[in-house]
Asks: 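There's a structure below that I have some questions on.
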Amino acid sequence: MRLDFKGFELKSLDDSQGEGVFSGYASTWDKDLYDDVIVKGAFAETLDNDYGGIGAGIPIHWQHKDDKPTDIIGETLSAVEDEHGLLVTARLDLDLPEGKRAYDLLKRGLIHQMSIGFIAEKTAFVQDGKSAWDGYREIRQLKLFEISLVQVAANQGAEVLEVKSGRAISASNESKLRAALDSLHEVLDGIDSADKKPDDDTDDSDSTDTSTDDSDDSKRKDQKSFDPQWAEEYKTISDFFSLEH
């Protein structure tokens with residue numbers, strides 16, 4: 001058996017969900033330049049048996065190179081078949097110079113295509129013309145080994161939908177941030193209420209008056225001071241922005 005390669009185009013970029021992450025179609029159901037058609041369902045068995053059913057851990061290579069460890073520049077986070085093709089989300093290893101360089105090229109649009117490395121396990125010839133020679137190879141089942149970033153791809157139909165930078169917010173950190181922000185709003189609301197509260201209308205102001213300038217200043221200072229609980233909430237906000245996601 002020989003290892004086949006099929007390539008697909010990457011297009012648009014985004015920066016919303018994590019440093020080094022990109023997503024797009026590693027395969028489509030369209031006919032490629034070699035007159036091959038991969039059909040929906042062809043990836044089902046290899047995704048289940050080789051990649052945990054969710055398509056995680058498929059190696060990302062550079063130009064199908066595989067002679068040294070640094071040729072593996074990332075891995076998929078997920079891969080799923082949809083109506084258009086094999087939709088993948090992957091993360092490049094930015095600790096590797098090769099991974100960082102590939103990511104920079106993606107963001108600049110200088111690299112915008114992918115290619116898959118696989119073995120065709122079940123195929124059929126589909127005649128689509130008058131002659132017995134008019135037709136194409138239909139790939140009905142394959143074993144997927146890797147997905148590569150390439151400069152020139154055989155299939156121009158698939159595309160990278162997003163290339164992402166920045167950091168994603170995990171569920172646990174999001175809840176911490178929301179709780180800290182809620183506490184911040186409570187403190188600010190308290191300060192606003194104290195500033196806007198009207199003076200009490202009482203006749204015995206000489207004996208019970210607590211709205212003097214000195215007491216008002218003291219209240220405002222107390223409300224704005226960092227008590228232990230507020231200090232902890234503030235630290236949560238600060239820590240969040242230094243977390244590695």
Asks: Quick one: does V150's side chain get under 4.5 Å of H61's, heavy atoms only?
Replies: no

Asks: May I ask you to decide if L144's main-chain N or O and Y51's side chain share a donor-acceptor pair within less than 3.5 Å?
Replies: yes

Asks: Report the relative orientation of the aromatic rings in W29 and F43; use parallel for angles under 30°, tilted for 30 to 60°, perpendicular for over 60°.
Replies: tilted

Asks: Would you mind reporting whether Y25 and H84 have side-chain heavy atoms less than 4.5 Å apart?
Replies: yes

Asks: When S27 is tested against each of I147, V88, I116, I139 for side-chain contact (heavy atoms from CB on, under 4.5 Å), which residue passes?
Replies: I116

Asks: If I compare all heavy atoms of T46 with all of L142, which pair ends up nearest, and what's the gap?
Replies: CB-O, 3.6 Å

Asks: For Y34 and D32, work out which heavy atoms get closest and say how close.
Replies: N-OD1, 2.8 Å

Asks: Between D66 and D71, what is the shortest heavy-atom contact and its length?
Replies: N-OD2, 3.5 Å

Asks: With side chains defined as the heavy atoms from C-beta onward, is the minimum distance between L106 and L92 less than 4.5 Å?
Replies: yes

Asks: Salt bridge or not for E138 and R140, using N-O below 4.0 Å?
Replies: yes

Asks: Locate the shortest heavy-atom distance separating A79 from I58; write the atom from each residue and the value.
Replies: CB-CD1, 4.0 Å

Asks: Can I72 be reached from Y103 by stepping across I, L, V, M, F, W or Y side chains whose heavy atoms are under 4.5 Å apart?
Replies: no

Asks: Are the side chains of L149 and F22 in touch, meaning some heavy atoms are under 4.5 Å apart?
Replies: yes

Asks: Quick one: name the residues clustered hydrophobically with V37, using the 4.5 Å side-chain heavy-atom rule over I, L, V, M, F, W, Y, and just say none if it's on its own.
Replies: V39, V126, Y136

Asks: Establish, from distance only, whether the side-chain atoms of H64 and S148 form a donor-acceptor pair under 3.5 Å.
Replies: yes

Asks: For R101 and D104, run salt bridge (charged side-chain N to carboxylate O under 4.0 Å, His left out): C-alpha distance rounded to whole Å, both residues' side-chain angles, the deciding distance at 0.1 Å, then the answer.
Replies: CA-CA 5 Å; R101 176 60 175 163; D104 290 340; 5.4 Å; no

Asks: Does the D93 side chain pair with the main chain of G74, one donor and one acceptor, at a distance under 3.5 Å?
Replies: no

Asks: Taking only Lys NZ, Arg NE, NH1 and NH2, and the carboxylate oxygens of Asp or Glu, determine whether E83 and K40 approach each other closer than 4.0 Å.
Replies: yes

Asks: Using a 3.5 Å distance criterion without hydrogens, assess whether the side chain of E146 forms a donor-acceptor pair with backbone atoms of P59.
Replies: no

